[in-house]
**Student:** 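To start, I am sharing the structure in question, which I have written as structure tokens.
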Amino acid sequence: QKEVEQNSGPLSVPEGAIASLNCTYSDRVSQSFFWYRQYSGKSPELIMSIYSNGDKEDGRFTAQLNKASQYVSLLIRDSQPSDSATYLCAVAASEAGNNRKLIWGLGTSLAVNP
Amino acid sequence: DTAVSQTPKYLVTQMGNDKSIKCEQNLGHDTMYWYKQDSKKFLKIMFSYNNKELIINETVPNRFSPKSPDKAHLNLHINSLELGDSAVYFCASSPQRRLAGSGGEQYFGPGTRLTVT
């Protein structure tokens, strides 16, 4: 059973701080990793994708991937109250190389306090 | 110009009824999905179609039947609704069926909140 695990939180950070969200996955051969943000009562919104080891930066967001340790993280710099949401980690399931579906974590709730 | 749209947004119905949810995407994507998000916020894949071909059919009661008349539309019909079907149902699309590498990103519709009483 392929799994994606996240700390459910809530993770509370002050405004302007760096928020660090972590995700571990069990499928050793997974190739694609995604971070989605979901505001309460809204749909998941893609914020980052990462496919190779290392860091990928997009504005205030940095995704980090370490395939050897099977973890992927998301850093949010200069956190704003508008970043308060649930962050979902999703990993493409390899399943005989088909990579047809995402395995989702339960999400980490982030609260940024003014 | 909404990318992925769903109707209705809210659906309240009684046990035993049959209902449908419709989804349309104007992104030109080949692959569409139905997800169920329960009260614990877990996103569970139900079905996926690639250009009208069913490619994912998870362990879902056969009361649920998807239909894709063309690659821009994916509908979900639910027969004999039960209390446990109450959830938010999301439609999503991605450029391609294979999620490895670029092109595997999924884009979600606004969701349909189904309440069965």
Side-chain angles (χ1 to χ4, degrees), chain A residues 1-10 23 25 27-53 56 58 63 65 67 85-110, chain B residues 2-6 9-10 21 23 25 27 29-51 53-60 87-113 115:
Chain A
Q1 178 79 358
K2 306 292 193 299
E3 292 182 346
V4 173
E5 295 190 358
Q6 298 180 254
N7 187 326
S8 62
C23 170
Y25 59 94
D27 187 351
R28 191 170 288 278
V29 298
S30 291
Q31 299 177 38
S32 302
F33 308 85
F34 305 91
W35 283 100
Y36 286 78
R37 176 177 61 200
Q38 187 173 25
Y39 292 114
S40 181
K42 301 294 186 183
S43 57
E45 173 193 8
L46 178 69
I47 51 174
M48 290 287 283
S49 57
I50 187 166
Y51 310 111
S52 51
N53 280 329
K56 179 182 178 183
D58 184 0
L65 175 61
K67 290 185 180 180
T86 296
Y87 288 80
L88 301 168
C89 174
V91 176
S94 59
E95 291 193 357
N98 286 329
N99 288 284
R100 291 181 179 177
K101 67 178 181 183
L102 295 180
I103 307 297
W104 295 82
L106 278 171
T108 298
S109 175
L110 173 66
Chain B
T2 306
V4 183
S5 59
Q6 292 179 232
K9 191 165 183 184
Y10 299 97
I21 307 171
C23 178
Q25 56 96 2
L27 296 166
H29 289 171
D30 283 345
T31 309
M32 297 183 73
Y33 309 83
W34 277 114
Y35 283 95
K36 179 181 180 181
Q37 189 171 47
D38 58 25
S39 57
K40 294 182 180 173
K41 305 302 181 187
F42 180 62
L43 261 175
K44 182 180 186 307
I45 181 73
M46 300 173 70
F47 303 103
S48 176
Y49 272 78
N50 179 261
N51 202 8
E53 176 195 358
L54 180 66
I55 58 171
I56 295 175
N57 185 356
E58 292 290 287
T59 309
V60 176
V88 180
Y89 292 83
F90 288 108
C91 176
S93 72
S94 65
Q96 62 191 36
R97 65 196 290 171
R98 194 163 180 271
L99 304 180
S102 178
E105 297 85 0
Q106 295 183 9
Y107 299 88
F108 283 76
T112 296
R113 182 172 294 275
T115 303

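Throughout, a chain's letter reflects where its sequence line sits, starting with A, and its residues are numbered from 1.
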**Student:** Would you mind checking which part of Ile50(A) comes under 4.5 Å of any heavy atom in chain B, side chain (CB onward), backbone (N, CA, C, O), both or neither?
**Tutor:** neither
**Student:** If I measure from the heavy atoms of chain B, does Phe33(A) come under 4.5 Å with its side chain, its backbone, both, or neither?
**Tutor:** neither
**Student:** For Ile56(B), is it the side chain, the backbone, both, or neither that has a heavy atom closer than 4.5 Å to a heavy atom of chain A?
**Tutor:** side chain
**Student:** Measure Gln38(A) against the heavy atoms of chain B and call it side chain, backbone, both or neither at under 4.5 Å.
**Tutor:** side chain
**Student:** Does a side-chain heavy-atom distance below 4.5 Å link Leu102(A) with Gln106(B)?
**Tutor:** yes
**Student:** Locate the shortest heavy-atom distance separating Tyr36(A) from Glu105(B); write the atom from each residue and the value.
**Tutor:** OH-C, 4.1 Å
**Student:** With a 4.5 Å cut-off on side-chain heavy atoms, are Glu58(B) and Lys101(A) touching?
**Tutor:** yes
**Student:** By a 4.5 Å heavy-atom criterion (distance strictly below it), what part of Phe42(B) contacts chain A: side chain, backbone, both, or neither?
**Tutor:** both
**Student:** Under a 4.5 Å heavy-atom cut-off, does chain A meet the side chain of Lys44(B), its backbone, both or neither?
**Tutor:** neither
**Student:** Should Tyr33(B) and Trp104(A) be marked as a ring pair (Phe, Tyr, Trp, His ring centres under 6.0 Å) after you check the CA-CA gap, both sets of side-chain angles, and the distance that decides it?
**Tutor:** CA-CA 14 Å; Tyr33(B) 309 83; Trp104(A) 295 82; 9.7 Å; no
**Student:** Measure Ile45(B) against the heavy atoms of chain A and call it side chain, backbone, both or neither at under 4.5 Å.
**Tutor:** side chain
**Student:** For Gly109(B), is there any backbone N or O sitting under 3.5 Å from a side-chain donor or acceptor partner on Ser43(A)?
**Tutor:** yes
**Student:** Against chain B, work out which of Leu88(A), Leu46(A), Thr86(A) has the most heavy-atom pairs shorter than 4.5 Å and name it.
**Tutor:** Leu46(A)
**Student:** Counting heavy-atom pairs closer than 4.5 Å to chain A, which one of Gln37(B), Lys40(B), Lys41(B) comes out on top?
**Tutor:** Gln37(B)
